[in-house]
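Notes for the one structure printed next.
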Amino acid sequence: MPIQGTLFNIVSRNISTSTMCNQIIKLTRLRVVDNSEIGKRAMMEGKPPRCIHVYNKKGVGYIGDIVLVAIKGEKKKGVLVGLKQKQNRKVPRFDSNNIVLIDDNGTPLGTRIHVPIPHILRTILKEKTHNKGADYTKLLAIATNFV
């Protein structure tokens, strides 16, 4: 009888009961993909920014959402431009959770974005620009590649 119990313990260790968390929630690590000074320093030191707050009603970040991040001991805002989680049709999935750092008025801190960003981000950010008053279209202007 002890052999069967031991076998059950070995098999049960490999079973995961929780779902894989690819969502952008609090304390999620993000990757800065623009050339802002604070973002480059944080990524070089191996201390990527962490999400503190997601500015939407659901509490889970989706593409184009504004998030508050802790980076190098400071609080900065950013726009999610690429996510690991399952996306809608015709929206690409990425290998990492990408963010572009912005000011409070929507101006990006960097001058270039190194990775391709989804084309649907154009419509999402234009809607937010008209609603909120902040100008997020500058973020689209510094992007070089669209997917």
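Since the structure is predicted, the reported quantities are computational estimates derived from the model, not experimental observations.
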- If you look only at pairs with a residue in residues 57-67, which of them pass as a side-chain hydrogen bond (donor to acceptor under 3.5 Å, both in side chains), with sequence neighbours excluded? Asn56-Asp65, Asp65-Lys128
- Task: Using the salt bridge (Lys or Arg N to Asp or Glu O under 4.0 Å) rule, collect all pairs that involve residues 23-44, keeping only residues at least two apart or in two chains.
- Result: none
- Note on the structure: Taken in chain and number order and not counting sequence neighbours, the residues that satisfy salt bridge (Lys or Arg N to Asp or Glu O under 4.0 Å) with Lys72 are Glu45
- Query: How long is the gap from NZ on Lys138 to CD1 on Ile102, to the nearest 0.5 Å?
  - Reply: 11.5 Å
- Heavy atoms, side chains only, cut-off 4.5 Å: are Val67 and Ile99 in contact? yes
- Note on the structure: dist Ile38:CD1 -> Ile71:CD1 (nearest 0.5 Å) comes out at 5.0 Å
- Note on the structure: Contacts satisfying salt bridge (Lys or Arg N to Asp or Glu O under 4.0 Å) that involve residues 99-124 (not counting sequence neighbours) are none
- Message: I need the His119 NE2 to Ile124 CD1 distance, nearest 0.5 Å.
- Response: 12.0 Å
- Message: Would you say that Asn98 contacts Leu80 through its side chain, given a criterion of any heavy-atom pair below 4.5 Å between the two side chains?
- Response: no
- Task: Flag yes if Val147 and Val91 sit in one hydrophobic cluster, no otherwise; membership is Ile, Leu, Val, Met, Phe, Trp, Tyr, and two members link when side-chain heavy atoms are under 4.5 Å apart.
- Result: no
- Looking only at atom types and distance, does a side-chain atom of Arg50 sit under 3.5 Å from a main-chain N or O of Ala70, one as donor and one as acceptor? no
- Test item: Leu30 and Val69 side chains (from C-beta on) under 4.5 Å apart, heavy atoms: yes
- Item | Side-chain touch Lys75/Leu68, heavy atoms, less than 4.5 angstrom | yes
- Query: Which atoms form the tightest heavy-atom contact between Cys51 and Ile24, and what is the distance?
  - Reply: SG-CG2, 4.4 Å
- Leu139 and Leu125, any side-chain heavy atoms less than 4.5 Å apart: yes
- Item | Note, Ile117 side chain near Phe146 side chain (heavy atom, < 4.5 Å) | yes
- Query: Counting only heavy atoms not in Asn145, do more than 12 fall under 6.0 Å of its CG?
  - Reply: yes
- Task: Please step through side chain to side chain contact (heavy atoms under 4.5 Å, CB included) for the pair Asn35 and Thr111, ending with a clear verdict.
- Result: CA-CA 6 Å; Asn35 64 346; Thr111 57; 3.0 Å; yes
- Task: Could you tell me which residues satisfy ring pair (Phe, Tyr, Trp, His ring centres under 6.0 Å) with His114, sequence neighbours excluded, listed by chain and number?
- Result: none
- Item | Test item: Lys76 and Pro49 side chains (from C-beta on) under 4.5 Å apart, heavy atoms | no
- Item | Minimal non-hydrogen separation, Ser36 against Leu109, with atom names | CB-CB, 3.8 Å
- Message: Return the CD1 to OG1 distance between Ile52 and Thr28, rounded to the nearest 0.5 Å.
- Response: 12.0 Å
- Item | Residues which pass side-chain contact (heavy atoms from CB on, under 4.5 Å) with Pro118, listed by chain and number, not counting sequence neighbours | Ile63, Pro92, Phe94, Ile120
- Below 4.5 Å, heavy atoms only, C-beta onward: do Val32 and Val100 meet side chain to side chain? no
